[in-house]
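Data first, discussion second: the structure below is written as structure tokens.
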Amino acid sequence: MIRPVFVSALLLLCSIPGLAQDCNLIKETDPFTRQTRLSTGFIELTGASLVADADSKEIDIMVTFKTDRCFDDGCTAMVYFAGGKQKLSLRNGGTMNCEGLFHFIFRNGPTVNYQLKKLATLPISHMVFTDRNEKPIPVTLSAQQQEKLQQALRCFTDKAPTLLQ
């Protein structure tokens, strides 16, 4: 028997902002492979946009720049977290392109990759991408963008392991 006090406490916890997640993930099934994919949809950042996609094999966080930039597998991104000196260095996981597409690619598994978990749990203040010509491209996030990105990535990392077969 569920006690009314327990139900009241649970409802109270769900109403606290930050604890109750509003996960608006896009779920689609590939008509040919019958594999389910999850997507955050595009999240607008200053000078770029970001989308995270997952299937049973990998998680791909793609940053699209408003201007054409060339990236290859030697390009890096430095992610700086708000409220401290913590930072994370990531390499481009996508193919060489000059369309301004930078990919963070992680293997999808029963546990969330440490770097991906850090991206999802700590607010990101800004990121600095280095293109093929070693030119830095800064992307600064407003407080609203930080919150929206963190919430989307947190929901995403919670749901992505459910795609494993």
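We're numbering straight along the sequence, starting at 1. Only heavy atoms go into these numbers, but all of them, side chains included; no hydrogens, no water, no symmetry mates.
- For residues 88-97, no pair satisfies side chain to side chain donor-acceptor pair (under 3.5 Å), with sequence neighbours left out.
- Taking both residues in full, the closest heavy atoms of Pro136 and Val128 are given as CB-CG1, 3.9 Å, listed atom of the first, atom of the second, then distance.
- Side-chain contact between Ile124 and Leu119 is present, with at least one heavy-atom pair separated by less than 4.5 Å.
- The environment of CD in Glu147 is sparse: at most 12 heavy-atom neighbours from other residues, nucleotides or ligands sit within 6.0 Å.
- Here Leu101 contributes atom CG and Asp60 contributes atom CG; the two are 10.0 Å apart, rounded to the nearest 0.5 Å.
- By the salt bridge (Lys or Arg N to Asp or Glu O under 4.0 Å) test, Asp55 is found to be paired with Arg37, residues two or more places apart in sequence or in another chain being considered.
- Each salt bridge (charged side-chain N to carboxylate O under 4.0 Å, His left out) pair with one or both residues in residues 102-115, not counting sequence neighbours, would appear here, but there are none.
- For the atom pair NZ of Lys27 and CG of Leu25, the computed distance is 10.0 Å after rounding to the nearest 0.5 Å.
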Sequence neighbours left out, cut at 3.5 Å: what donor-acceptor pairs do the side chains of residues 41-49 make with other protein atoms?
| unit_1 | atom_1 | unit_2 | atom_2 | d |
| --- | --- | --- | --- | --- |
| Glu44 | OE1 | Lys66 | NZ | 2.7 |
| Thr46 | OG1 | Thr140 | O | 3.0 |
| Thr46 | OG1 | Gln145 | OE1 | 3.4 |

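- Every residue meeting the side chain to side chain contact (heavy atoms under 4.5 Å, CB included) condition with Asp30, not counting sequence neighbours, appears here in chain and number order: Phe32, Thr33.
- Contacts of Phe65 classified as ring pair (Phe, Tyr, Trp, His ring centres under 6.0 Å), with partners at least two apart in sequence or in another chain: Phe71, Phe129.
- In terms of heavy-atom proximity, Ser39 sits nearest to Val51 at OG-CG2, 3.6 Å.
- Rounding to the nearest 0.5 Å gives a distance of 12.0 Å between NZ of Lys57 and CG of Leu163.
- The hydrophobic cluster containing Met62 does not contain Leu116, counting ILVMFWY residues as joined when their side-chain heavy atoms lie under 4.5 angstrom apart, directly or transitively.
- Taking CG of Asn113 as the start and CD1 of Ile59 as the end, the distance is 8.0 Å to the nearest 0.5 Å.
- Rounded to the nearest 0.5 angstrom, His126 NE2 and Met78 CE are separated by 10.0 Å.
- When hydrophobic side chains of Ile, Leu, Val, Met, Phe, Trp and Tyr are connected at separations under 4.5 Å, Tyr114 ends up as a singleton with no cluster partners.
- The NZ atom of Lys118 sits 10.0 Å away from atom CG of Leu90, with the distance rounded to the nearest 0.5 Å.
- With contacts defined as side-chain heavy-atom distances shorter than 4.5 Å, the pair Thr111/Pro161 does not qualify.
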(Q) What verdict does the side chain to side chain contact (heavy atoms under 4.5 Å, CB included) test give for Phe106 and Gln115, after you've listed the backbone C-alpha separation in whole Å, the side-chain angles of each residue and the deciding distance to 0.1 Å? (A) CA-CA 9 Å; Phe106 305 95; Gln115 294 171 321; 3.9 Å; yes
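- For the pair Arg69/Ile137, a side-chain contact is recorded, criterion being any heavy-atom separation below 4.5 Å from C-beta on.
- With sequence neighbours excluded, the residues forming a side chain to side chain contact (heavy atoms under 4.5 Å, CB included) with Gln150 are Pro123, Arg154, listed by chain and number.
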Q | Pair Leu122-Gln86, side chain to side chain contact (heavy atoms under 4.5 Å, CB included): steps then yes or no | A | CA-CA 10 Å; Leu122 296 174; Gln86 293 187 32; 3.3 Å; yes
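- Across Ser56 and Leu164, no two heavy atoms sit closer than the pair O-CD2, 3.3 Å.
- For Ile61 against Ala52, the heavy-atom pair with the smallest separation is CG1-CB, 4.0 Å.
- Applying the side chain to side chain contact (heavy atoms under 4.5 Å, CB included) test to Lys117 and every residue at least two apart in sequence or in another chain returns Val112, Thr121.
- Closest approach of Leu38 and Phe156 over heavy atoms only: O-CE1, 3.7 Å.
- When all heavy atoms of Ala77 and Phe104 are compared, the pair lying nearest together is CB-CE2, 3.7 Å.
- Applying the salt bridge (Lys or Arg N to Asp or Glu O under 4.0 Å) rule to Asp53 yields no partners; only residues at least two apart in sequence or on another chain are considered.
- Not a single ring pair (Phe, Tyr, Trp, His ring centres under 6.0 Å) links His103 to another residue, sequence neighbours left out.
- For Ser125 (side chain) and Tyr80 (main-chain N/O), a donor-acceptor pair under 3.5 Å exists by modelled atom type.
- Counting only residues at least two apart or on different chains, no disulfide bond (SG atoms under 2.5 Å apart) pair has a member in residues 119-153.
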